[in-house]
Amino acid sequence: MLLDVRDLSLRIGTVGLLDGLSFSVDRGEVLGLVGESGSGKSLTALALTGLAARMGATITAGSVVFDGTDLVGLKESAYRRLRGKRIGFITQNPMSALDALVTIGDQVDQVSRLHLGLSKRAARAHTVEILSRLRIPEAEVVARAYPHNLSGGMKQRVVIAMALAADPDLIIADEPTTALDVTVQAQIVMMLADLVRKRDLGLILITHDMSVVAQICDKVCVLYAGRVAESGPVRQIFAAPRHPYTEALIGCIPRDGMAPGSLRGIPGTVAAVSQYGADCCRFAPRCGRADARCRTQQPLPVVTGTGGMLACHHPVDSPVKEAADADAR
Amino acid sequence: MQMPADAVPVLELDGLVRTFTTGGGLLRKGRSMTAVSDVSLRVAAGDIVGVVGESGCGKSTLARLAMRLIDPSAGRVLFEGRDVTQDHGPRLRPLRKKLQMVFQDPYSSLDPRFTLRDCLLEPFAALGETAPPGRVEALLDQVGLDRSFAGAYPHQLSGGQRQRVGIARALAYRPEVVVLDEPTASLDVSIQAQIIALLQELHRTSGLTYLFISHDLGLVRYFCTRIVVMYLGSVVEEMADPDAVPRHPYTAALMGSSFVPDPTERAQIVPLEGEIPSPFALPPGCPFAPRCARVQDRCRASRPALTQTTGASKVACFNPVEA
Amino acid sequence: MSGTVHKTGILATIRRSVAWRALATIKGGVAGGFLLLVVLGAIFAPVLTPYDYDIQALTNAFQPPSLAHPMGTDEFGRDVLTRILYGARTSLSVSVVAISISLVFGMTLGAAAGYFGGRFDRMVMVVVDLTWSFPEILVALMLVAIIGPGVTGTLVAICVAYLAQFTRLTRSQVMALKTETYVEAARGLGASHAFILFRHLLPNCLGPVLVAGMLATGDAIILEATLGFFGLGAQPPTPSWGGMMSSGSGLLFKGPWIILFPGLCIALTVVAINLFGDVLLAKLDIRDRLRVV
Amino acid sequence: MLGYVIRRILMLVPVFFAVSVVIFSMIHMLPGDPIENLLRVGSSPAQREALTAKYGLDRPLVEQYLLWMGNVLTGDLGTAIVQRRPVAQLVAQALPYSLTLGGLALCFSTVLGVVVGTIAASWRGSWLDQGLMGGVLFGSMLPNFWIGLLMILVFSVSLGWTPVSGARGWESLVLPVLTIGLGGTALVARVTRIAMIDTQGKDFVLLLHAKGVHPLTIQVRHVLRHALIPVVTILALRIGWILGGAVTVEVVFARPGLGSLLIKSLNQHDYPVVQASLLILAMAVMLGTLMGDLLQAAMDPRFRDSLT
């Protein structure tokens, strides 16, 4: 395994934001980390890159084993040598991800000069090569331009180029296409999928969009309110989702041929972080299958037959025993 | 919901043009861009017309033109056959009562100092009227919010709840037409589906007419009865049937770029090359020509007009995709 | 969809009492307490001190601080503490009144310019920016020179000197709020300009502008003192903090306490105003909105 | 860029004339008759008229303005009525004192302010941040002239380190520069700190950390660079503050600068001198704003590109 996360828990102040996350990704594999706002998915990305401490967060339990070493508790200087060199990071909004006062070239050069020790000239040649491989036309000219001269899609390519510049083993992409137009989103997503195949790297794709997951991920891990709801191979999860949340999430996307009125959404809203309960299923208030047990006892993640995980007292394929109780709610 | 050809549409946009000038100064001339160029649209009572396009296609400007929130540079807005283009201020009030709008951002669309009751009474206060007793409660019921929310402030609500308030406010006058400007774009998918279900419910029970602005073709195809596709300020295609096969290469590309939530149907997506050009320097011919795979010489020379294809559908293309 | 909101009534009540919440903090309590003390001291000056602020007793001149005269006496033998208490009346009231008037005019002008924009806005801003780029003290000096030294001159000078700042601030607030969707929504509901201005825009920019006014009162006290120091403020026999130092500057060697204490009093008052304003800003959560640029 | 510079300089011309009109009309609203000060007791009305005519005070205001402006443009600022010397000479004598004082104070506050602001932002919320910012802000809230007097009392009278007043040697500059500089330092420190904290929260800084760049490099090469843009803007806008500080402080320290000249002439109702000193101060303010805009264009590629 390239990256193996076990029981990762994290808190800011007294509020526990991530609670026992486990997932893994191997080379040549795309893991989709899915969740809605408030699920903790972006925080997970920061925790993996050791940047969560900058937000005042502390990892309270668990391990993040990257290529054999546990990153939890790693010294900041050692972590810094890892970031950018072996773990690339792609942020959500390309519009604000680049330093507006520094040329594109200098920003990409920075990575290879820092981590590969390239000279100024070599770094620039390297940069131009990466940029053109990401199909940026006239890469040499673009390298001399400033971020505001580029369109959103081009900026995101530059951010990807920075993530690739030191030839990393793992890339963490936090909602890389959310801020982009539909047609550009497709370009970027396909490009990322292509990179994983060609360069044999691991990719953690953080997204709220189940369709993107369906298209390019091999594995998926569904988060709800800081906990794993369900994880497993993409085909399995989409074919037969077992957690009611996963099922509902897939059902929230309109598809061709859907009868009008069949899109119902999930009732209610995610609880505020301060209202997270400990001894309960956090999805229970919005779940049609929830019963008294769901509200008093946390469903612990269980390894499923397909190597994934499931944290639910009443999975979708089980009979609802206490339906009356659920209705009374 | 199909209207007879001679019926007067409830809302009609006729040749609307809107240009914006930016960056002008004391000693400098600003640059002008055409946000909406020559858009005509007829919305029949009971219709849900979807306007789809990517950023900068002019869909939000079109919504504001239709709402008479901004003045068109050319063209007319007709409501129930009456030209309201020259109306301003108090003269627009009869229109306001029949034509309302729901905005994209539920966070800034409610005044942070107003309780929900204030928000829902504002439509009446704004016109110096008093609301009928029980109206606030009725509106809250209508959008599925608990009545106890009336005294709450917007910051105590989630995004989805705020958007319900926005919808309730738009319904306060009992309007005929509601313009929905990306009402779900800043919400989570599970909440988006809730809101769409609510809008569908209101459409069914109150006989509303919607002009639905969105960037999400999949959502529009699910929700709307008629689809208008915009690119760089112009309508490139009008589909009378939302399930129809797109004829314009841009619509086709838009559809090809949308992912399907099904891993067994991994489409070999061939993304559209390039990006939307700057609206400040539009090419003389078809605005889509620089990115179009079916481009011909005449596409770069002259602009194709919106012409009828099958039924009430129209396409603006010299070389449309075969049906 | 479901669920209720709790404590609405209490929350609303708390929202209304920001000043009390500010007083409840250590910083705000100390600063607010000191200001209260100064104001009470000014009001009850005749009761608090046995001396008269203007009866000269030259035999008693240049007394260093003692039990009888905690802050010493000045070159005419008058009790410095007494003069500070009476001086507070002039200095504080001139500053507060001047800033209040300036605030009213500045808000009106700024709100109109920001809301309606266009040529009116450009005209107002040319004048305002021009005055703003001039230091307040220069503007005030010119005005006092025209109107003549004294309380009226100082009042007008402070008024005009801070007009630009309030106009700019209100204008920028209104311009920022104007782009909020709820303003557009109100227009969509058919609301008039007056409705939008008075129901949405002004209530929402009142907080930052009032706090800015409070902070400016501190600056105005200094400005009043500076004018007094140049001999252009309140004229004798009216005591004022600045005036006390004007006569004191020549006596630096013979009686440093004559300038030390009034200055200290100004400094502490201004610091207290700033501290309290800062706590208010934090409590109102509008620190970000008070930026000048 | 060159086009912008030229355009920006050309824009100063109408502003200059507007300012000159304002100053001219204000001066002529001033009470007090300078001629009165010149006349000896028992002078005849004829003598009075002759003097009035000599200084052109009998002509219509518009004509007086045009005459004055014409002279100003040729470098002739007129003759001081009370001090009976060419105004240009008086101003030229005073200007160097004010320029050194203002320039040094500007440098002092910029350097110290940026350093303090950077340190405060980098250790945000710590005792270092609160102590430094609290100290600097406290200093800026005190009345300028009072600090001046206090410093004289401590450093000159008690310790005897610096001269009490006057303008001989660099020692005499220390206290005035410190006095004026305190206010500017607080302003710069505040803007630097806020701008840096703002920038630290931006996505691109997070990405720089994710690239493995050393925090110190990020802070100095990226964050500070962004923070300096608003610092330049505010300094350009508020360069008048420094000049305003100079006016009072020059009087306190008895430096023969423009501020002292202005106050003295105001008290003597010496129109031409007041007029000229104000015009010079106004020009300094305008040049400051111009420098700020140009600096900003040089620092910010977005701003530069928005100009063409």
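To find a chain, count down the sequence lines: A is the first, B the second, and so on, and within it residues start at 1.
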* To do: Check the pair C:Asn274, D:Phe138 against side chain to side chain contact (heavy atoms under 4.5 Å, CB included), reporting the backbone distance first and the verdict last.
  => CA-CA 9 Å; C:Asn274 275 279; D:Phe138 182 78; over 6 Å; no
* Can you say whether D:Ala282 sits under 4.5 Å from chain C via the side chain, the backbone, both, or neither, judging by heavy atoms? ->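 Contact with chain C is through both the backbone and side chain of D:Ala282.
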* What part of D:Leu262 is in contact with chain C, defined as an atom under 4.5 angstrom from a non-hydrogen atom: side chain, backbone, both or neither? ->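 D:Leu262 touches chain C through side-chain heavy atoms alone.
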* To do: Can you tell which part of C:Leu223 gets under 4.5 Å to a heavy atom of chain D, answering side chain, backbone, both or neither?
  =>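 Contact with chain D is absent: no heavy atom of C:Leu223 under 4.5 Å.
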* Top contributor to chain C interface from D:Val251, D:Leu150, D:Val22, D:Ile147 [non-hydrogen pairs under 4.5 Å] ->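 Highest number of pairs under 4.5 Å: D:Val251.
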* Can you name the closest pair of heavy atoms from C:Ala267 and D:Leu142 and give their distance? ->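 Scanning both residues completely, I find the closest heavy atoms to be CB-CD2, 3.1 Å.
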* **C:Ile266 to D:Pro143 - nearest heavy-atom pair and separation** =>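 Minimum heavy-atom separation between C:Ile266 and D:Pro143: CG2-CG, 3.6 Å.
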* **Gap between atom CG of C:Leu232 and atom CD1 of D:Ile263 - 0.5 Å precision** =>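 If I round to the nearest 0.5 Å, the distance is 7.0 Å.
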* Atom CG of C:Leu260 and atom CG of D:Leu149: how far apart are they, to the nearest 0.5 Å? ->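 With rounding to 0.5 Å, CG (C:Leu260) is 10.0 Å from CG (D:Leu149).
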* To do: Taking the side chain as every heavy atom from C-beta outward, state whether D:Trp146 and C:Ile222 have any atom pair closer than 4.5 Å.
  =>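 No, every pair of side-chain atoms sits at 4.5 Å or beyond.
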* When you look at CZ of C:Phe105, are more than 12 heavy atoms from neighbouring residues, nucleotides or ligands closer to it than 6.0 Å? ->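 Result for CZ/C:Phe105: open.
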* Derivation of the side chain to side chain contact (heavy atoms under 4.5 Å, CB included) call for D:Phe145 and C:Thr226 -> CA-CA 7 Å; D:Phe145 62 93; C:Thr226 310; 3.4 Å; yes
